Amino acid sequence: MTITQKRSTGGFLLEDGVKVHVDPGPGALVKSWQHGKDPRELDAIAVSHCHIDHCNDCSVLIEAMTNGVTRQSGVLIGSESLFTQNPGVPVQYTEKYLERKEVVKAGDMVMVEHLVIKATPTIHSDPTTVGFVFETSQGNVSYISDTQFFPDLTKWHRDARVLIANVTRPARFRIPYHLTTTDAIKIASDINPELVVMSHIGMKMHMMGVEEERRELEEKTGIRTIVADEGKKILMDGSAITTSL
Ligand SMILES: [Zn+2]
């Protein structure tokens, strides 16, 4: 999907007073502008791991967040691999312009002003990969990034109002280190959020009917489920969660 761009791969932006771009894969910079988001306003960038579909645009977003490395601002949060393995992140030359660098592993907690961000565990081919829980003023947003299912996974995301899960494969096309729709049904049923967002849709899922997989997840869990299409907005407001393109 990254190569063909049949679905966009720029990650997502979380806004709660502060602005955090999560997993800026290829397209994050360009798509931000196309959707009216100025990346110079970012307060933080959070990267789950250093695979290219999650971190490709990290460097250029750092460039934006520091206003072309002319001011010291912004927090870069990432798993260990982001800082040790990714040649695309010019940590050396941007380092002094970042307000902070935070290397996180499961269980760690980082503050970006008032926003608490917790790192959660995964089982992925990059063993340093983390997920995130964002404790926003409107409740928790959980991001289950690239991982295969494991029994303890859901306990880390227990209080999610919105659950964003990287559901890469349809039920019958399992691959290692990624979730299928079957896994997502199990996870969503256990956590019981108000909204499930299926993200990181793989080519098999895209070609074979993402709408069918979405409907199955929604019907089997009874939880409202959407697919993370480009430009989709989710507004968490008191007791209501609304979505729009
Ligand atoms: Zn990955």
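Order of listing sets the numbers, starting from 1, for every ligand and every atom in it. A quick note: this is a predicted structure, and the numbers were derived from the prediction, not measured.
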For this session: Name all pairs fulfilling the ring-ring contact (aromatic ring centres under 6.0 Å, His included) condition that reach into residues 184-227, sequence neighbours left out, sorted by first residue then second.
Result: His54-His200, His178-His200

For this session: Run through the protein N/O/S atoms less than 2.8 Å from the Zn ion (ligand 1) and write them out by chain and number.
Result: His49 NE2, His51 ND1, His124 NE2, Asp146 OD2

Exercise. His51 vs His49 aromatic rings, parallel, tilted or perpendicular, using cut-offs 30° and 60°?
Worked result: perpendicular

Exercise. Residues in side chain to side chain contact (heavy atoms under 4.5 Å, CB included) with Asp16, at least two apart?
Worked result: His114, Leu115, Thr136, Ser137

Exercise. Quick one: do the Ser8 and Glu230 side chains pair a donor with an acceptor below 3.5 Å?
Worked result: yes

Seminar exercise, completed: With sequence neighbours left out, the residues meeting salt bridge (Lys or Arg N to Asp or Glu O under 4.0 Å) with Arg214 are Glu211, Glu218

Problem set entry | side chain to side chain contact (heavy atoms under 4.5 Å, CB included) evaluation trace for His124 with Ser48 | CA-CA 11 Å; His124 192 48; Ser48 64; over 6 Å; no

